Amino acid sequence: MHDLSSFRQNLDAIALRLADRGFTVDTGTFRSLDTERRAAITEAEKLRADRNAQSQEIGKLSKSGADTTELRERVRQMGERMKELDQKAAELEANLQAMMASIPNVPHASVPTGKSADDNVEVRRWGTPPEFSFAPKAHWDLGPELGILDFERAAKITGARFVVYKGLGAKLERALISFMLDVHTQHHGYTEMLPPFIANKDSFYGTGQLPKFEADLFKLEGTDYYLIPTAEVPVTNYYRDETLDADKLPIQFCAYTPCFRSEAGSYGRDVRGIIRQHQFQKVELVKFAPPESSYDELESLTRDAEDILQRLGLPYRTVVLCTGDLGASSAKTYDIEVWLPGQNGYKEISSCSNFEAFQARRAAIRTKSGKKSEFAHTLNGSALAVGRTWVAIVENYQQADGSVVIPEALRPYMGTDVIRAG
RNA sequence: GGAGAGGUGGCUGAGUGGUCGAAAGCAGCGGUUUGCUAAACCGUCGUAGUGCCUUAAAGCGCUACCGGGGGUUCGAAUCCCCCCCUCUCCGCCA
């Protein structure tokens with residue numbers, strides 16, 4: 001959500017940059033809505049001020065014993081007219097709000113201009129994709145062969161896009177979660193959190209999933225609750241409607257949660273394997289930062305995510321998303337893509353974003369130093385998507401005999417150095 | 001799920017129809033005093049919208065906000081209705 005008065009003041013410049021996203025701001029409609037709304041507010045408030053003054057007069061008069069019948073009737077009529085004006089103002093307000101809620105964030109100056117994912121720019125690359133003396137398999141073959149993934153029975157239990165991890169497969173997922181949380185809490189300065197996996201409407205509004213993206217969510221029938229699609233929702237909303245002491249920033253949280261996504265509109269994409277599921281596990285990093293240093297925090301957050309891949313010895317590259325590929329709330333996003341032999345290419349495993357004050361304004365997360373109060377900047381990034389990390393390990397560390405070697409760093413968590421069939 | 005108590009500014013807490021954006025205390029901020037610390041004293045101290053003024057900030061007004069929504073009334077923190085949340089007891093339960 002944009003700040004209304006600065007949006008109004010910088011309308012043309014903002015509209016120009018939003019055009020780089022492929023978003024057109026209807027500046028004419030905005031201007032007229034904005035002007036009408038303010039006129040309605042002014043009119044209604046003037047009448048209300050008048051009524052308040054008259055009401056007080058009634059109070060004084062009746063105390064002194066004077067007859068106020070006539071005055072009362074006049075004020076009552078003012079009240080009726082007030083109701084009409086209030087209603088008109090409320091309607092205009094709602095229209096303007098609806099318009100503002102649909103306008104995406106302004107990309108940061110450092111974000112490259114482009115139309116689609118093809119225009120994203122690689123900023124660095126780490127590691128070398130493994131060379132195999134045999135034809136490497138994809139995880140959807142390896143998993144069932146090793147007895148560590150079961151798609152058929154998951155489909156029976158629930159349906160498509162669900163999976164059962166089994167045996168060392170389940171343990172690998174659990175080991176990755178513990179490993180990631182330990183690295184972030186012990187080496188990167190994050191505080192671990194275990195939040196609710198269900199959140200209410202206000203929280204989803206605060207981080208921007210509502211009202212626009214309701215179709216992507218699972219709603220709990222008969223309630224205002226939704227299953228979270230990412231820990232970003234509960235963890236960012238942890239401080240909704242609060243003012244944070246500027247001295248305490250940045251605040252850094254990490255959280256493991258399952259994530260639930262309806263994946264409406266992704267039919268036919270990543271249908272094989274566990275790349276795209278209705279439920280997946282993720283460790284998320286969330287930061288609350290002072291505006292002046294939020295871009296430094298984005299850099300370190302991205303490095304924190306990359307560190308997990310380095311420790312696991314998984315080759316990856318980091319790209320900065322271009323204006324056309326940027327999420328609506330984000331001002332700048334890095335995607336980290338891990339090498340997957342099964343796809344013979346790099347696949348997104350993390351997305352690290354700075355939302356600047358875009359979420360904080362919706363969620364009313366402020367920071368205060370001395371007398372000055374302003375909106376904090378919020379950031380988040382996956383570190384990492386656990387299921388896709390699982391895939392990366394199984395595919396990158398597969399051996400000619402069909403077994404999977406466990407990377408050094410994970411062995412204490414796995415209690416074994418290899419996964420074999422049987 | 002049942003019974004009861006309660007939700008007021010950063011915190012504690014007064015306030016049952018007009019003089020209440022709201023006493024008082026604490027914390028914060030500015031200052032005086034002080035060798036330092038502590039203490040004392042004086043002042044200041046909510047958020048948002050909107051109008052005027054302004055390059056802007058500041059300033060000066062107005063409006064709204066006492067958990068949320070609706071109602072009664074000329075006028076609501078205060079009365080009525082619905083909802084949410086917290087606490088205590090009971091029931092159920094991992």
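Small disclaimer: the values here were computed from a predicted structure and weren't measured. The chains referred to below are lettered A, B, ... by the order of the sequence lines, with proteins before strands, and numbering in each begins at 1.
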> For nucleotides B:A22 and B:A5, find the distance between their P atoms and express it as a whole number of Å.
32 Å
> Using atom C1' in both nucleotides, what's the gap between B:A76 and B:G15 to the nearest angstrom?
14 Å
> Could you check whether A:Arg17 pairs with A:Asp20 (Lys NZ or Arg NE/NH1/NH2 to Asp/Glu carboxylate O, under 4.0 Å)?
yes
> In whole angstrom, what separates A:Lys83's NZ from B:C74's P?
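From A:Lys83 NZ to B:C74 P: 11 Å.
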> Any salt bridge (charged side-chain N to carboxylate O under 4.0 Å, His left out) involving residues 377-388 of chain A? Give me the pairs, sequence neighbours left out, ordered by first then second residue.
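Non-adjacent pairs meeting salt bridge (charged side-chain N to carboxylate O under 4.0 Å, His left out): zero.
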> Between B:G25 and B:U8, how many Å separate the two C1' atoms, rounded to a whole number?
15 Å
> Is there a Watson-Crick or G-U wobble partner for B:G49 with both distances under 3.5 Å, and which nucleotide is it?
B:C62
> Can you tell me which nucleotide in B:C85, B:A48, B:G51 comes closest to the side chain of A:Arg38?
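Looking only at heavy atoms from C-beta outward on A:Arg38, the closest nucleotide is B:G51.
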> In whole angstrom, give the distance that lies between atom CG of A:Asp241 and atom P of B:C65.
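Whole-Å distance recorded here is 18 Å.
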> Between B:G21 and B:U73, how far is it from one P atom to the other, in whole Å?
22 Å
> I want to confirm an ordering. Mapping A:Glu93 and A:Ala53 to their closest nucleotides on RNA chain B, which one lands closer to the 5' end?
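Looking at the nearest nucleotide for each, A:Glu93 comes out on the 5' side.
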> Tell me yes or no: between the side chains of A:Glu214 and A:Tyr226, is some donor less than 3.5 Å from an acceptor?
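Yes, a side-chain donor-acceptor pair sits under 3.5 Å.
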> If you look at every strand shown and take non-hydrogen atoms under 4.0 Å, does A:Arg8 touch a base, only sugar-phosphate, or nothing?
sugar-phosphate
> Using the C1' atoms only, state how far B:G69 lies from B:G7, rounded to an integer number of Å.
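My reading of the C1' atoms in B:G7 and B:G69 gives 16 Å.
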> Which nucleotide in the list B:G75, B:U47, B:G49 gets nearest to the side chain of A:Arg37?
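Closest of the options to the side chain of A:Arg37: B:G49.
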> Calculate the interatomic distance between A:Ile365 atom CD1 and B:A48 atom C1'; express it in whole Å.
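In whole Å, B:A48 C1' lies 17 Å from A:Ile365 CD1.
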> Mind calculating the distance between CD (A:Gln56) and P (B:G21) to the nearest angstrom?
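About 8 Å, once rounded to whole Å.
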> Using purine N1 to pyrimidine N3 plus N6-O4 or O6-N4 for Watson-Crick, or N1-O2 and O6-N3 for G-U wobble, each under 3.5 Å, what pairs with B:U72?
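Answer to the pairing question: none, since B:U72 forms no Watson-Crick or G-U pair.
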> Report the base-pairing partner of B:G6 (Watson-Crick or G-U wobble, both distances below 3.5 angstrom), or none.
B:C85
> Roughly how many Å is it from CZ in A:Arg366 to C1' in B:G10, rounded to a whole number?
13 Å
> Suppose we define a pair by two distances each less than 3.5 Å, Watson-Crick or G-U wobble; what does B:G43 pair with here?
B:C29
> From the set B:A48, B:C74, B:U50, return the single nucleotide nearest to any side-chain atom of A:Arg76.
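Comparing B:A48, B:C74, B:U50 against the side chain of A:Arg76, the answer is B:C74.
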> Check RNA chain B against residues 43-52 of chain A and give the residues with a non-hydrogen atom under 4.0 Å, in numerical order.
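Of all residues in residues 43-52 of chain A, the ones placing a heavy atom under 4.0 Å from RNA chain B are A:Glu45, A:Arg48, A:Ala49, A:Arg51, A:Asn52.
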> Taking the side chain of A:Ser55 as its heavy atoms from C-beta onward, which of B:G75, B:G51, B:U47 lies nearest to it?
B:G75
> With both distances under 3.5 Å as the test, what is the Watson-Crick or G-U wobble partner of B:A77?
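The answer is none; no pair meets the criterion.
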> Could you name each residue pair satisfying salt bridge (charged side-chain N to carboxylate O under 4.0 Å, His left out) that touches residues 286-304 of chain A, not counting sequence neighbours?
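Every pair satisfying salt bridge (charged side-chain N to carboxylate O under 4.0 Å, His left out) with a residue in residues 286-304 of chain A: A:Lys287-A:Glu297, A:Arg303-A:Glu306.
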> Any strand is fair game: report the nucleotide pairing with B:A23 by Watson-Crick or G-U wobble, both distances under 3.5 Å, or none.
none
> Is the closest basic N to carboxylate O distance between A:Lys347 and A:Glu337 below 4.0 Å?
no
> Let me know the distance between CG of A:Asp34 and P of B:G49, rounded to the nearest Å.
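Value for this atom pair: 12 Å.
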> Using the P atom as the reference point in each nucleotide, state the distance between B:G31 and B:A38 in Å, no decimals.
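So the two P atoms sit 15 Å from each other.
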> What's the CG-C1' distance between A:Asp247 and B:C29, to the nearest Å?
14 Å
> Do the side chains of A:Lys137 and A:Glu395 get close enough for a salt bridge, i.e. N-O under 4.0 angstrom?
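Answer for the salt bridge query: no.
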> Do A:Glu263 and A:His278 touch side chain to side chain, with heavy atoms closer than 4.5 Å?
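Yes; the side chains approach each other to less than 4.5 Å.
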> May I ask you to check whether A:Asp216 and A:Ser262 show a side-chain donor-acceptor distance below 3.5 Å?
no
> Specify the separation, in whole Å, of atom CZ of A:Phe7 and atom P of B:G49.
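Between P of B:G49 and CZ of A:Phe7: 16 Å.
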> Taking it one step at a time, do A:Asp150 and A:Arg153 satisfy salt bridge (Lys or Arg N to Asp or Glu O under 4.0 Å)?
CA-CA 6 Å; A:Asp150 190 333; A:Arg153 290 192 177 89; 2.8 Å; yes
> Which one is paired to B:G1, where only Watson-Crick or G-U wobble pairs with both distances under 3.5 angstrom count?
B:C90
> How far does the P atom of B:G68 sit from the matching atom of B:C11, given to the nearest Å?
14 Å
> If I pick the P atom on B:C87 and the same atom on B:U32, what distance separates them, to the nearest angstrom?
47 Å
